[in-house]
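In what follows, a structure is listed as structure tokens, so that the remarks can point back to it.
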Amino acid sequence: MRKQIKLNKQRTIRKFRVSNAVKENSTRPRLTVFRTAKHFYAQIIDDENHKTLACANTLDKEFKAKGIYGGNCAACVELGKMIAQRAIAAGVEKVALDRNGHKYHGRIKAFADSARDAGLDIGAKGEEAPKAAPADKPAKKEKKEKK
């Protein structure tokens with residue numbers, strides 16, 4: 001039980017750190033995700049006007065008609081396509097992903113990759129920011145031998 005409490009506390013800290021960074025440093029609307037064991041929810045929020053521009057979840061009639069279980073990666077792939085279509089219909093093409101404290105792997109990664117493939121500009125796929133080349137270090141001085 002203590003381990004679960006510790007993990008929840010770490011996720012909460014990560015959640016606020018990531019959300020605040022996205023809100024402060026980005027002029028794009030936020031693509032926020034929320035996941036449970038059985039379902040997955042996503043919405044695009046414009047923080048300047050405090051409006052929800054598009055939303056999709058695994059409880060939608062359109063999603064349920066496909067007959068897919070809502071708690072796995074296959075569901076997240078379909079949901080990513082749905083949110084991208086709804087966002088483009090609403091006139092939003094560039095968003096910033098707010099993963100809500102969850103690590104970028106599994107369902108979150110499958111969702112983001114499918115939304116990116118469907119036309120949303122979330123950022124580069126699977127690429128890290130280029131690192132600066134290390135500066136050349138001066139040659140080490142040789143140690144003097146003791147006599």
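By convention here, the first residue in the shown sequence is residue 1.
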Criterion side-chain contact (heavy atoms from CB on, under 4.5 Å) on Ile68 and Glu78, from CA distance to verdict: CA-CA 9 Å; Ile68 302 173; Glu78 289 297 320; 3.5 Å; yes
- prompt: Checking side-chain contact (heavy atoms from CB on, under 4.5 Å) for the pair Arg14/Arg11: CA distance, chi angles, key distance, verdict?
  reply: CA-CA 5 Å; Arg14 243 188 345 260; Arg11 191 187 75 79; 3.8 Å; yes
field: Within one Ile-Leu-Val-Met-Phe-Trp-Tyr cluster: Leu31 and Tyr41, side-chain cutoff 4.5 Å
entry: no
Check: Ile108 and Arg35 side chains under 4.5 Å, non-hydrogen atoms: yes
query: Which heavy atom in Asn57 sits nearest to a heavy atom in Leu59, and how many Å separate them?
result: OD1-N, 2.8 Å
Check: Phe40 main-chain N/O paired with Thr58 side-chain donor or acceptor under 3.5 Å: yes
- prompt: Within a radius of less than 6.0 Å around NZ of Lys64, do more than 12 heavy atoms belonging to other residues, nucleotides or ligands occur?
  reply: no
Let me check something: any side-chain donor-acceptor pairs from residues 80-90 under 3.5 Å, sequence neighbours excluded? List them with distances.
unit_1	atom_1	unit_2	atom_2	d
Arg86	NH1	Cys55	O	2.6
Arg86	NH1	Asp60	OD2	3.0
Arg86	NH2	Asp60	OD2	3.4
Arg86	NH2	Glu62	OE1	3.2

message: Apply salt bridge (Lys or Arg N to Asp or Glu O under 4.0 Å) to residues Arg28 and Asp121 and explain how you reach the verdict.
response: CA-CA 10 Å; Arg28 298 177 175 196; Asp121 180 14; 3.3 Å; yes
- request: Identify whether Leu79 and Ile122 are in the same connected component of the hydrophobic contact network (ILVMFWY, side-chain heavy atoms under 4.5 Å).
  value: yes
task: Check the pair Phe111, Val77 against side-chain contact (heavy atoms from CB on, under 4.5 Å), reporting the backbone distance first and the verdict last.
output: CA-CA 5 Å; Phe111 170 78; Val77 169; over 6 Å; no
- request: Kindly write out the residues that satisfy side-chain hydrogen bond (donor to acceptor under 3.5 Å, both in side chains) with Arg107, not counting sequence neighbours, or none if the list is empty.
  value: none
- prompt: Applying ring-ring contact (aromatic ring centres under 6.0 Å, His included), which residue pairs with at least one partner in residues 45-90 are found, sequence neighbours left out?
  reply: none
message: Give me the atom names and distance for the closest heavy-atom approach of Ile44 to Pro29.
response: CG2-CB, 3.8 Å
field: Transitive ILVMFWY side-chain link Ile13 to Tyr104, under 4.5 Å
entry: no
- prompt: Salt bridge between Lys15 and Asp98, side-chain N to carboxylate O under 4.0 Å?
  reply: no
- request: Answer yes or no: does atom CD of Glu93 have more than 12 heavy-atom neighbours from other residues, nucleotides or ligands under 6.0 Å?
  value: no
- prompt: Phe34 and Thr32: side-chain contact (heavy atoms from CB on, under 4.5 Å), yes or no, with the steps?
  reply: CA-CA 7 Å; Phe34 177 74; Thr32 305; over 6 Å; no
field: Closest contact, heavy atoms only, Ser114 versus Cys76
entry: OG-O, 3.6 Å
